[in-house]
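These notes concern the structure reproduced below.
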Amino acid sequence: MSFPPVKRLLSLLPVSRPVSRAQLSREMGCDEQTITDHVRQLQALGVNIEENPDGGLVLQEAIELLDTPSILSAMDTRMRGVLKNIKILETLDSTSSALQRMPEQDRHGAAVFAEHQSSGRGRRGRRWVSPFARNIYLSLGWQFQNQLAELGCLPLVVALAVSRALARAGLEGHRVKWPNDLLLNGRKLSGCLVDLQSDNRGPCQAVIGVGINVRMPESELTGEIDQAWTDLASHLPGLSRNRLAGLLLEALFHDLAVFAEHGFEPFRPYWRQMDGLFGRQVSALIKNELTVGTAAGIDENGALLLDTGNKTLRLHSGEVSLHKTSL
Ligand code: BTN
């Protein structure tokens, strides 16, 4: 699919009064069959385009596509300078895979956004459901001069950056769930996938993937998500995805620079403030055994402290779920 014509077609499709293929083909300077082909491509990606019995075309809801000038205008000038390269692709397998395919020397400060991912990757081998033009799918490349051992808290730092971007967008009441989910009313709003590579001496190359549910209606696709989820539109109707994308880049640039220089210590007060697990009963799979305990914050290395009653365990990786009685 070639993106510029499809983008143009989307901008010409009205939300209320249907428009004819003949008019669209005049405005786009192509034949009607090409319009039909573009419409089919968009419908296959899940865009709701209705066709009237008389052939008129109408969008069922307004669509805001991502575009570079709008994303940049949500960022302050200094932060724009950190962005070395920005790509917005209509559809690809995964923004993180795309970034990993770029030469290593081009990745630092490079941001890849997509409108749709056919193989969006979640943590622990899960699929990240990625419908067209509804959410944020971003991968950012970052090079740290630090050694790998100093970067264990990076996933938590990324979650806090997402949390700050959401707060700047006007959201209230969201919480972080160790290690790097964002929850709203106990439902997942955003997830991060951090991939770090190094030869142990530094520098380290990070590919930071962030998915935020912005406007995600129930569908066949969402039926396969195996955890409770929510989206921003239910809480912040009218939020611009472009603005959110700009705020997200800005928060990531700021926090990654602070983390590289000062480590996790400056982030601990904000983690405590946003910790959605603290004091809650949680279950964790540890060495294939389900362990239940009370979440008691994190240690200086970002490990989750789990108070089982007779001892405090430290979880360095893995996933926990809120125990049913604690929901
Ligand atoms: C999770 O399981 O919580 C992590 C989800 C991470 C999804 C994002 S979307 C952008 C980037 N590209 C991917 O394929 N995955 C991440």
Side-chain angles (χ1 to χ4, degrees), residues 45-46 66 71 85-102 107 110-142 154-163 165-166 174-184 186-197 205-216 221-222 224-232 241-242 244-249 251-252 256 274 276-277 282 284-285 302 304 315 317-322:
L45 288 175
L66 294 174
I71 294 176
N85 185 358
I86 177 168
K87 283 190 200 316
I88 301 174
L89 298 154
E90 71 284 17
T91 174
L92 44 54
D93 50 352
S94 145
T95 53
S96 292
S97 306
L99 198 62
Q100 270 151 347
R101 289 191 289 264
M102 281 169 61
R107 287 190 214 154
V112 179
F113 287 94
E115 294 289 9
H116 168 262
Q117 299 184 116
S118 54
S119 308
R121 296 193 269 123
R123 292 181 65 237
R124 313 187 76 73
R126 287 199 189 96
R127 183 165 121 82
W128 189 257
V129 170
S130 312
F132 183 79
R134 295 194 163 272
N135 300 322
I136 296 283
Y137 319 117
L138 161 70
S139 295
L140 175 69
W142 205 258
L154 178 60
L156 285 69
V157 170
V158 172
L160 290 177
V162 178
S163 168
L166 293 174
H174 55 290
R175 291 286 174 269
V176 290
K177 173 178 173 269
W178 184 92
N180 55 10
D181 285 350
L182 266 290
L183 303 183
L184 187 60
R187 294 172 164 269
K188 184 154 166 170
L189 186 63
S190 161
C192 314
L193 183 71
V194 176
D195 180 68
L196 265 174
Q197 287 172 2
Q205 306 288 341
V207 171
I208 295 164
V210 178
I212 305 178
N213 299 336
V214 180
R215 201 164 285 109
M216 189 141 90
L221 279 179
T222 54
E224 60 181 75
I225 304 177
D226 63 358
Q227 37 195 328
W229 59 272
T230 187
D231 66 4
L232 277 174
R241 283 194 309 141
N242 282 300
L244 180 61
L247 295 177
L248 178 61
L249 286 177
L252 282 167
L256 294 174
M274 299 307 289
L277 293 185
V282 299
L285 207 54
L304 180 74
L315 261 75
S317 64
E319 195 169 78
V320 295
S321 40
L322 277 165

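Start at 1 and go down the list; that is how both ligands and their atoms are numbered.
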Legend entry - Residues in the immediate environment of ligand 1 (any heavy atom closer than 4.0 angstrom): S94, T95, S96, Q117, G120, R121, G122, R123, W128, Y137, L138, S139, D181, K188, G191, C192, L193, G209, V210, G211
Legend entry - Donor-acceptor contact present, side-chain T230 to main-chain K188, <3.5 Å: no
Inset, instruction - Check whether any side-chain heavy atom of L315 sits under 4.5 Å from a side-chain heavy atom of W178, and report yes or no. - result: yes
Inset, instruction - Could you tell me which non-hydrogen atom of Y137 sits nearest to which non-hydrogen atom of P131, and how far apart they are? - result: OH-O, 2.7 Å
Legend entry - Lys/Arg-Asp/Glu bridge criterion (N-O < 4.0 Å) met for R101, D93: yes
Legend entry - Minimal non-hydrogen separation, R175 against M274, with atom names: CD-O, 3.2 Å
Legend entry - Donor-acceptor pair, side chain of R107 and main chain of V207, under 3.5 angstrom: no
